[in-house]
Trainee: 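Below: one structure in structure tokens.
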Amino acid sequence: MPGFTCALHQTQSLLSHSLLGMMLFNHLQMWASFVPVSGPLQLVVITAPATARDQGLARELLPRFATSQSLTPLAREATEARLPASTKDTVHLTLELPFKEGMSSSSSSALETEIFQYIDLHQSDFIKDLKEWVAVESDSVQPVLRKEVMRMMALAASKLEALGATVNSVNLGSHQLPDGQHLPLPPVILGELGKDPQNPTVCFYGHVDVQPARREDGWKTDPYTLTEIDGNLYGRGSTDNKGPVLAWINAVETFRALKLAIPVNFKFIIEGMEEAGSLGLEKLLEEEKQCFFSDVDFIVISDNLWLSKKKPALTYGTRGNACFFVEVEGGDKDLHSGTFGGIIHEPLMDLVALLDSLVDPTGHIQIPGIYDSVAALTEEERKLYESIEYDIEEHKNNSGVKKFLYSSKEEILLHLWCYPSLSIHGIEGAFHEPGIKTVIPAKVIGKFSIRQVPYMDLSVVKQQVEEHLKNVFSKRNSPNKLKVSMPLGAKPWVADVNDPLYKAARRAIKTVFGEDPDFIRDGSTIPIARLFQSITQKRVIMFPIGAADAGEHSQNEKISRHNYIEGTKVFAAFFLEISKLRGQLHETSSPETNN
């Protein structure tokens, strides 16, 4: 590997300042230790300021460059290059680090450098912790694995206690399964670290249960053995949601390990039933809103993904979801199509006509009034779409479809985030096995859902759907019985991107990743954000660290080493940014919940 040369440019000679020169050289050696070098390590100091700020400057210069460029990729590139060492052919890489005019070495910048160095040096420890967590098969969907969920909750509680947090594992009782069996619910962890009334208090929500996963389902590795391949950490829960939970804990742990003052008060709420509907959580939030949440300034959720594989994002909205059953019933038994076909009103024919009336070929919902309450897109939000990184062709390839309904990025994102959509999911009661069965089913149930957006009202949507289907059905003059129901409804959620919290997160991302994030909505429904905001009346920010290709809920779920480690850094930087807000947190009005 060639040698390294670092050149520093400013106005006054630095060579006479031996302490500063030594510190700079030591930091260069520390940085180079991440890269296997066989050539000479050189420091060429040309000129730099000779002021009382020198010590902070020395701590900041080279590590600041290294962290902004990400040590891990640099080390990987250097290892892969395998350039031959040769003293006579030594190649000098000059790192130009000019100071901006008027730039000062702020204490926060030096502090970030120290924190980021620690995180880089302890990557293997953080990955070891994730490996231990992934190994626990904490599948909350399958009752037979409930003991593993309990074990995972105990492991998470122990991790928080090791930080010095006070931990309360709240018993939620039990729930009844469809077969009548009662099964204990895993406890919800309420953790607390720091009670300085001068500091903001941030509450982090996460879950440590996972979706089912089996090797035979198409995983290329054991889903419960964290496996690193080409810089990606594969394993169930690595990105949903064990990785982000640990990244947050790692960031707090870094402050403790460096014996740094904790910049904010921390609270944690960690559950083990998110993948099974967060049973018992809503009741607990209601009970704790005047106690545990009374001094919380805001809540952070990191349980979704970026829109891009590479560009970070902050999520400020999700769509709601209204699920419908439309049932058509004829006689009391199935009939032979040879005996009755052509002389009766077939329930399945009625149902197909009803489903066909819901959406036109362009995707436009044909239910009268459904768009009346949709919030108008502001010019400010429209401008956000211009810089969003979104590859239409990549999205097509990932989905396996050949054509979208819309061709431009803006139109696609608008219809994913800001407009309602209707999807048909299936028909219960109709023959669906391989082969032919010439039967006329007596009763069929169509299932569809409407993803609604602000400011659509669930009760109004339900009424509009019922009226539309009854009107269509009446025109068929069918003697069959029609029944429409809405078994599940979740409201949309949206936040203000100009809130100081989002600005603080944006600055943290810029510090770590070197670019501003995309501000995105999520076309799916994440009820937990709305639930926290409406019950606690605290502001919520969704702060993902997983990339778009992380594969949550799918085979080969992963989080890249880069996202896991840089995600830990960005949370740490976020703590520092939040600590600067103090007064603004209380001056900002309460969140709007009727969105």
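On a predicted model such as this, the values are computed, not experimentally measured, just so you know. Throughout, numbering of the chain's residues begins at 1 and tracks the sequence.
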Trainee: So, are K283 and E286 salt-bridged, with charged N and O less than 4.0 Å apart?
Mentor: no
Trainee: Within the structure provided, determine whether L226 and S238 are in side-chain contact (heavy-atom separation under 4.5 Å).
Mentor: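 Heavy-atom side-chain distance check passes, below 4.5 Å.
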Trainee: Hey, is the main chain of G551 close enough, under 3.5 Å, to the side chain of S554 for a donor-acceptor pair?
Mentor: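 It does not hold such a pair.
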Trainee: So for atom CE, which belongs to M349, do other residues, nucleotides or ligands contribute more than 12 heavy atoms lying within a distance under 6.0 Å?
Mentor: no
Trainee: Can a donor-acceptor pair be found between the side chains of T315 and D522 at a distance below 3.5 Å?
Mentor: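 The answer is no; no qualifying pair exists.
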Trainee: Considering all heavy atoms of both residues, which atom of I520 and which atom of L307 are nearest to each other, and what is their separation?
Mentor: CD1-N, 3.9 Å
Trainee: Is a side-chain donor-acceptor pair under 3.5 Å present for S421 with R319?
Mentor: yes
Trainee: Assess the residue pair V472 and H468 against the criterion (side chain to side chain contact (heavy atoms under 4.5 Å, CB included)); give the C-alpha distance rounded to whole Å, side-chain angles, the decisive distance to 0.1 Å, and a yes or no.
Mentor: CA-CA 6 Å; V472 173; H468 170 73; 3.7 Å; yes
Trainee: Within the 4.5 Å heavy-atom criterion, are L358 and Q366 side-chain neighbours or not?
Mentor: no
Trainee: Can you give me the closest heavy-atom contact between V453 and C418, atom names plus distance?
Mentor: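 Smallest interatomic distance, heavy atoms only, reads CG2-O, 3.4 Å.
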Trainee: Does the K409 side chain pair with the main chain of I388, one donor and one acceptor, at a distance under 3.5 Å?
Mentor: yes
Trainee: Could you tell me if E410 and Y390 have a donor-acceptor pair between their side chains, going purely by distance under 3.5 Å?
Mentor: no
Trainee: Do I440 and I344 touch side chain to side chain, with heavy atoms closer than 4.5 Å?
Mentor: yes
Trainee: Crowded around Q176 CD? As in, over 12 foreign heavy atoms under 6.0 Å?
Mentor: yes
Trainee: Do you know which of T201, L501, T536 makes side-chain contact (heavy atoms from CB on, under 4.5 Å) with F298?
Mentor: L501
Trainee: Could you check whether D457 and Q452, counting side-chain N and O atoms only, form a donor-acceptor pair closer than 3.5 Å?
Mentor: no
Trainee: Is the ring centre of W493 less than 6.0 Å from the ring centre of Y455?
Mentor: no
Trainee: Step by step, work out the side chain to side chain contact (heavy atoms under 4.5 Å, CB included) result for V202 and V296.
Mentor: CA-CA 6 Å; V202 51; V296 168; over 6 Å; no
Trainee: Using modelled atom types and a 3.5 Å cut-off, is there a donor and acceptor pairing between side-chain atoms of S478 and backbone atoms of N480?
Mentor: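 Here the side-chain-to-backbone pair exists.
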Trainee: Backbone N or O of L145 within a donor-acceptor pair of the E137 side chain at under 3.5 Å?
Mentor: no
Trainee: Run the salt bridge (Lys or Arg N to Asp or Glu O under 4.0 Å) check on D295 and K267 step by step: do they pass?
Mentor: CA-CA 10 Å; D295 58 349; K267 290 197 173 186; 2.7 Å; yes
Trainee: Flag the pair S423 / F448 as yes when at least one side-chain heavy-atom distance between them is below 4.5 Å, and no otherwise.
Mentor: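 No, every pair of side-chain atoms sits at 4.5 Å or beyond.
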Trainee: Measure the spacing between CD1 of I392 and CG of N397 and express it to the nearest 0.5 Å.
Mentor: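 Answer for the CD1-CG pair, I392 versus N397, is 12.0 Å.
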Trainee: With a 4.0 Å cut-off, would you call D297 and K538 a salt bridge?
Mentor: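 Salt bridge flag = no for K538 with D297.
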Trainee: Hey, is the main chain of K220 close enough, under 3.5 Å, to the side chain of N556 for a donor-acceptor pair?
Mentor: yes
Trainee: Is there a side-chain contact between L482 and K470, using heavy atoms and a 4.5 Å cut-off?
Mentor: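 They are in contact (side-chain heavy atoms under 4.5 Å apart), so the answer is yes.
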Trainee: For N321 and T525, test the side chains for any donor-to-acceptor distance below 3.5 angstrom and give the result as yes or no.
Mentor: no
Trainee: So, E467 versus Q463: side-chain donor-acceptor pair below 3.5 Å or not?
Mentor: yes
Trainee: Salt-bridged, K447 to E428, with N to O below 4.0 Å?
Mentor: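 Looking at E428 together with K447, the answer is yes, because their closest N to O distance falls below 4.0 Å.
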Trainee: Applying side chain to side chain donor-acceptor pair (under 3.5 Å), name anything that partners E389, two or more places apart in sequence or on another chain.
Mentor: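 S308.
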Trainee: Does NZ belonging to K396 count more than 12 external heavy atoms closer than 6.0 Å?
Mentor: yes
Trainee: Using 0.5 Å steps for rounding, measure from the CD1 atom of I427 to the CG atom of L348.
Mentor: 5.5 Å
Trainee: Given 3.5 Å as the limit, does a donor-acceptor pair link the side chain of K242 with the main chain of W133, or not?
Mentor: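 Answer holds: yes.
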Trainee: Could you tell me which residues satisfy ring pair (Phe, Tyr, Trp, His ring centres under 6.0 Å) with Y385, sequence neighbours excluded, listed by chain and number?
Mentor: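 So Y385 forms a ring pair (Phe, Tyr, Trp, His ring centres under 6.0 Å) with W417.
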Trainee: Would you say that more than 12 heavy atoms from the other residues, nucleotides or ligands in this model lie under 6.0 Å from the CG of L177, or not?
Mentor: yes
Trainee: Can you tell whether the side chains of K437 and E433 come within less than 4.0 Å, N to carboxylate O?
Mentor: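 Answer for the salt bridge query: no.
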Trainee: Quick one about Q142 and D139 (side-chain donor to acceptor, distance below 3.5 Å, no hydrogens or angles considered), yes or no?
Mentor: yes
Trainee: If only side-chain N and O atoms count, and only distance matters, is there a donor-acceptor pair under 3.5 Å linking E275 with H553?
Mentor: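 Looking only at side-chain atoms, E275 and H553 do form a donor-acceptor pair, the distance falling under 3.5 Å.
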Trainee: Ignoring hydrogens and angles, tell me if any N or O in the side chain of E274 forms a donor-acceptor pair with the backbone of H207 under 3.5 Å.
Mentor: no
Trainee: For A213, does its backbone N or O pair with a side-chain atom of D217 as donor and acceptor, under 3.5 Å?
Mentor: no
Trainee: For the residue pair S278 and E271, confirm or rule out a side-chain donor-acceptor distance under 3.5 Å.
Mentor: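 Yes, because at least one side-chain N or O of S278 sits under 3.5 Å from a partner of the opposite role on E271.
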Trainee: Do the side chain of N241 and the main chain of S302 share a donor and acceptor less than 3.5 angstrom apart?
Mentor: yes
Trainee: Is a salt bridge present between R236 and E557, judged by a nitrogen-to-oxygen distance below 4.0 Å?
Mentor: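 Counted as a salt bridge, because a side-chain N and a carboxylate O are separated by less than 4.0 Å.
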Trainee: Given the side-chain rings of Y205 and F268, with only the six-membered ring counted for Trp, is the space between their centroids under 6.0 Å?
Mentor: no
Trainee: Given side chains that start at C-beta, do those of M152 and V210 come closer than 4.5 Å, heavy atoms only?
Mentor: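 M152 vs V210: side chains apart.
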Trainee: For residues N477 and H345, is any side-chain donor paired with an opposing acceptor at under 3.5 Å?
Mentor: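 H345 and N477 do not have a side-chain donor-acceptor pair below 3.5 Å.
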Trainee: Using a strict cut-off of less than 4.0 Å between a Lys/Arg side-chain nitrogen and an Asp/Glu carboxylate oxygen, indicate whether K580 and E577 qualify as a salt bridge.
Mentor: yes
Trainee: How about E282: does its CD atom have over 12 heavy atoms from other parts shown lying under 6.0 Å from it?
Mentor: no
Trainee: Using a strict threshold of under 4.0 Å (side-chain N to carboxylate O), is an ion pair present between R521 and E381?
Mentor: yes
Trainee: For the side chain of R530 and the backbone of P492, is there at least one donor-acceptor N/O pair under 3.5 Å apart?
Mentor: yes
Trainee: Who pairs with H415 by ring pair (Phe, Tyr, Trp, His ring centres under 6.0 Å), at least two apart in sequence or on another chain?
Mentor: Y406, Y419
Trainee: Could you label the plane-to-plane angle of the F519 and Y502 rings as parallel, tilted or perpendicular, counting under 30° as parallel and over 60° as perpendicular?
Mentor: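 Rings of F519 and Y502: tilted, as their planes differ by 30° to 60°.
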Trainee: So I301 and I528, do their side chains get closer than 4.5 Å, heavy atoms only?
Mentor: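 Of all side-chain heavy-atom pairs linking I301 with I528, at least one is under 4.5 Å.
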Trainee: For I559 and N232, run side chain to side chain contact (heavy atoms under 4.5 Å, CB included): C-alpha distance rounded to whole Å, both residues' side-chain angles, the deciding distance at 0.1 Å, then the answer.
Mentor: CA-CA 6 Å; I559 189 169; N232 292 314; over 6 Å; no
Trainee: Between D549 and K558, is the closest basic N to carboxylate O distance under 4.0 Å?
Mentor: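 Looking at D549 together with K558, the answer is yes, because their closest N to O distance falls below 4.0 Å.
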Trainee: Using the rule given for side chain to side chain contact (heavy atoms under 4.5 Å, CB included), can you reason through I269 versus I189, listing the C-alpha separation, both sets of side-chain angles and the distance that settles it, and then say yes or no?
Mentor: CA-CA 5 Å; I269 178 164; I189 295 171; over 6 Å; no
Trainee: Describe, in one word, how the ring planes of F293 and F532 are oriented to each other, choosing from parallel (under 30°), tilted (30 to 60°) and perpendicular (over 60°).
Mentor: perpendicular
Trainee: Could you tell me which non-hydrogen atom of G272 sits nearest to which non-hydrogen atom of V149, and how far apart they are?
Mentor: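 Heavy atoms of G272 and V149 come nearest at O-CG1, 3.4 Å.
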Trainee: Could you tell me the separation between the CD atom of E329 and the CG atom of D350, rounded to the nearest 0.5 Å?
Mentor: 12.5 Å
Trainee: Is it true that F543 and F574 have ring centroids separated by less than 6.0 Å?
Mentor: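 Yes: the rings meet the under 6.0 Å criterion.
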